[in-house]
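These notes concern the structure reproduced below.
Just so it is clear, the values below take in all heavy atoms, side chains as well, and ignore hydrogens, waters and symmetry mates.
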Amino acid sequence: MNKYRTHNCTELTKKNKNQEIILSGWINKKRDHGNLLFIDLRDNYGVTQCVIDKSNKFFNELEKIQLESVIKINGKVVERSKETINSDLKTGEIEVNIISFETLGHCMELPMPVFSDQDYAEEIRLKYRFLDLRRKKIHENIILRSKVISFIRNKMSELGFLEFQTPILTSSSPEGARDFLVPSRLNPGKFYALPQAPQQFKQLVMVSGFDKYFQIAPCFRDEDARADRSPGEFYQLDLEMSFVEQEDVFNVVEKLMISLFKNFSSKKLLHEKFPRISYEKVMLKYGTDKPDLRNPLLINDITNIFTREDVKFDIFKKLVKSGSKVRSIVTKKTKNKPRSFFDNIDKWAKELGASGLAYFTIEKDQKISAKGPVGKFFSEDSLMDIMKITNAEVGDSLFLACEKLKEVEKISSLARDKIAYELNLIDESKFAFCWIVDYPMFEKDEVTNKVKFSHNPFSMPQGDIKNIDFKKPLNIKAYQYDIVCNGVELSSGAIRNHIPELMYKLFSIVGYDKNQVDEKFGGMINALSYGAPPHGGIAPGIDRIVMLLAGEKNIREVTMFPMNQNAQDLMMNAPSKVSEEQLKELNLDLKKKK
RNA sequence: GGGGGUGUAGCUCAGUUGGUUAGAGCGAUCGCCUGUCACGCGAUAGGUCGAGGGUUCGAGUCCCUUCACUCCCGCCA
């Protein structure tokens, strides 16, 4: 028999009545009646109420013991009387009469309460993460994360994928995010980089003939944090498949996501077949490439309306003439909304740095007319056209934004979220997945005006490979795709370019000659030159998936030991200084701070 | 790198127009209490009001600088 416990803290029921048992766990809560003491004993599995009274020689010692100390209790299971049953506890029909106890791990005075639903400052939670993790909500989140990862592993194996590990110490790559660098002792002056993703390795796995690969892969990017982005490291379900087209990848991921989300959440999926939306369309209709499809509002382009003679809205007309676009959002049946509703959204837009949102409501007496501060500028005819383009009806309202393309996309996208939130249009009980497809291969850098890769340089361009018009690179689309759920970008993926000649050609467009490509991606190109299969894949973010399933808005709520916003681990005190000897071994000198 | 928010007891927070000795709940310590499950009752301890400077007869409160945490922008193929 195990010396610490015969049962865990959720197991005992009426069936164990009169048994002598041993429990070990943390003291969750004490209720001291002076001559009678209740102790809620907690472990990973649950809580059991234990009782002791003054007649027991251990009473005084137990009365004084700190909360969150770890103790072992020898006791007898007794059935509770009807009035004292606690239906909130799985073990609420019984309690344990303490015979003796032993302290296994003493707890000092707590810097933060463990038994409490209160929110605490992030700083103290991270410093005492081991205490924070004892708390119910986050404890359950971490267990969920473990179960999700197991489920994914099983499902991927079931689907015929093999799990491999790829190197953690690898080489820095010139594209993408900032690298974490690790100095090499044996090669002075040279550095490893931690992988931003196992991108090149997984392609090499395909070239090596393994057909289907996956990995719960740690990824390292030295970029600034956000609520949904850990600084430093995060995990992807990295996967890659040979001899596939885009739809084959989609099929695998849809199967996985549907079973995963059905299994771990009671929320319903809005679409069982995830909609495919082209990049071009998503930017027009949603203003972003990570649209929240739970939000029914759509954006429409009505720029042309402002070239008409019978529209007198001169501010917009002038802006349109100089290249600005006008985008609108229709809100249904909002004609009775108070003026303040519209003005507040206009004010909100201005606070974000936009020039504001014009608005009017469509009404009908004898004629169709627009009501609102700018309504008078629109003729009946122009309103009919607007209604045609936007599917607006009498009684609906329109918000109008007029900015340069990038800005109008941005503000209309934010306004879409804001207005839906104000009108309570988001159905929180749903998951809405979609694929964003047909990304452009290249884009123009706004600062340098040079053509650059818009996403992954290793993606396969669309169309007949032999007849691609490289003179118009901005027209080339790629087999590049994103999967999005509830406005959260879960991952990017692509069908890869496995043809070295085509790779050189595409790199030449962004200004790399053959030698430079060989130097930067020699390993990759070389491998592709020895018989590479067509292949493609994707890498959904594990942390974000768990966030969605747990209903959390912050990635640290589903990460066991996260770093803070400044990429510091407050518990382990990382990063930290190293000794002179260590620096010397690595051939490093530190610049003296001023 | 830039913008917003926050910072008062171990924890969560209140603190009016600048005005006497900075408060509450939880926690801690001590005492009372045999059926609680957020047990109850009483007492005690606990404060560089994030730090530094300034204005003022007087600063938790006003001004300046700075630090920490957090959210956002940039960044994240």
### Task
Remember a base hit wins even if backbone is also touched, and classify Gln49(A) as base, sugar-phosphate or nothing at under 4.0 Å, heavy atoms.
base
#### Entry: Any Arg229(A) side-chain nitrogen or oxygen under 4.0 Å from OP1 or OP2 of rC72(B)
no
### Message
Heavy atoms only, 4.0 Å cut-off, all strands: where does Gln568(A) land among base, sugar-phosphate and nothing?
### Response
sugar-phosphate
### Task
Spell out, as yes or no, whether a donor-acceptor pair under 3.5 Å connects the side chain of Asp179(A) to the backbone of Leu181(A).
no
### Task
Using a 4.0 Å heavy-atom cut-off across all strands, classify Tyr120(A) as base, sugar-phosphate, or nothing.
sugar-phosphate
### Task
For rG25(B) versus rC69(B), give the span between their C1' atoms, rounded off to a whole number of Å.
24 Å
### Query
Who are the side chain to side chain contact (heavy atoms under 4.5 Å, CB included) partners of Glu489(A), not counting sequence neighbours?
Lys290(A), Asp482(A), Ser492(A), Arg544(A)
#### Entry: Geometric class of the Tyr512(A)/Phe507(A) ring pair [parallel <30°, tilted 30-60°, perpendicular >60°]
perpendicular
### Query
How are the rings of Trp435(A) and Tyr481(A) set relative to one another: parallel (under 30°), tilted (30 to 60°) or perpendicular (over 60°)?
perpendicular
### Task
Take atom C1' in rC33(B) and the same atom in rU20(B), then report the distance between them in whole Å.
40 Å
Can you pull every protein N or O that's under 3.5 Å from an N or O on nucleotides 5-10 of chain B?
unit_1, atom_1, unit_2, atom_2, d
rG10(B), O2', Pro111(A), O, 3.0

### Message
Over all strands shown, is Gln196(A) touching base, sugar-phosphate only, or nothing at heavy-atom distances under 4.0 angstrom?
### Response
nothing
### Message
Considering every strand and a 4.0 Å limit on heavy-atom distances, what is the contact class for Asn554(A): base, sugar-phosphate, or nothing?
### Response
sugar-phosphate
### Task
Assign Gln118(A) to base, sugar-phosphate, or nothing according to its heavy-atom contacts below 4.0 angstrom with the strands shown.
sugar-phosphate
### Task
Report yes if a side-chain nitrogen or oxygen of Asn566(A) is closer than 4.0 Å to either non-bridging phosphate oxygen (OP1 or OP2) of rC69(B); otherwise report no.
yes
### Task
Return the 5'-most residue of the pair Asp40(A), Phe453(A) with respect to RNA chain B, ranking by each residue's nearest nucleotide.
Asp40(A)
### Query
Quantified in whole Å, what is the P atom distance between nucleotide rG35(B) and nucleotide rU21(B)?
47 Å
### Message
With a 4.0 Å cut-off on N to O distance, would you call Asp132(A) and Arg125(A) a salt bridge?
### Response
yes
### Message
So that I can tick it off, tell me whether Asp343(A) and Lys347(A) are bridged by a salt bridge, with the cut-off set at under 4.0 angstrom between side-chain N and carboxylate O.
### Response
no
## Note on the structure
The side chain to side chain donor-acceptor pair (under 3.5 Å) partners of Glu223(A) (sequence neighbours excluded) come to Arg178(A)
### Carboxylate-amine/guanidinium contact Lys137(A) Glu557(A), below 4.0 Å
no
### Residues within residues 216-227 of chain A bordering RNA chain B, heavy-atom distance below 4.0 Å
Arg221(A), Glu223(A), Asp224(A), Arg226(A), Ala227(A)
### Task
Could you tell me whether Ser454(A) contacts a base, only the sugar-phosphate backbone, or nothing, with contacts defined as non-hydrogen atoms closer than 4.0 Å?
sugar-phosphate
### Task
Taking the six-membered ring for Trp and the full ring for Phe, Tyr or His, determine whether the centres of Phe458(A) and Phe521(A) are under 6.0 Å apart.
yes
### Query
Counting side-chain heavy atoms from C-beta on, which of rA38(B), rC37(B), rC69(B) comes nearest to Glu122(A)?
rC69(B)
### Query
Side-chain N or O of Arg31(A) less than 4.0 angstrom from OP1 or OP2 on rU36(B)?
no
### Task
Give Arg125(A) one of three labels, base, sugar-phosphate or nothing, depending on what nucleic acid heavy atoms sit under 4.0 Å from its own.
nothing
### Query
What do you reckon, is NZ of Lys72(A) surrounded by more than 12 foreign heavy atoms closer than 6.0 Å?
yes
### Message
Can you confirm whether Lys505(A) is buried at NZ, in the sense that more than 12 heavy atoms of other residues, nucleotides or ligands lie under 6.0 Å from that atom?
### Response
no
### Task
Select base, sugar-phosphate, or nothing to describe what Lys29(A) touches, counting heavy atoms under 4.0 Å on all strands.
sugar-phosphate
List, with names and distances, any nitrogen or oxygen atoms from the protein found under 3.5 Å away from nitrogen or oxygen atoms belonging to nucleotides 31-34 of chain B.
unit_1, atom_1, unit_2, atom_2, d
rC33(B), N1, His33(A), O, 3.4
rC33(B), N3, Asp32(A), O, 3.4
rC33(B), N3, His33(A), O, 3.4
rC33(B), N3, Gly34(A), N, 3.1
rC33(B), N4, Gly34(A), N, 3.0
rU34(B), OP1, Asn35(A), ND2, 3.3
rU34(B), OP2, Asn35(A), ND2, 2.2

### Query
With a non-hydrogen cut-off below 4.0 angstrom, is Asn564(A) in contact with a base, only sugar-phosphate, or nothing?
sugar-phosphate
### Query
Expressed in whole Å, how much space separates the C1' atoms belonging to rU56(B) and rG31(B)?
48 Å
### Duplex segments of RNA chain B, taken as runs of at least three Watson-Crick or G-U pairs that stay under 3.5 Å
B:1-7 with B:67-73, B:10-13 with B:23-26, B:28-32 with B:40-44, B:50-54 with B:62-66
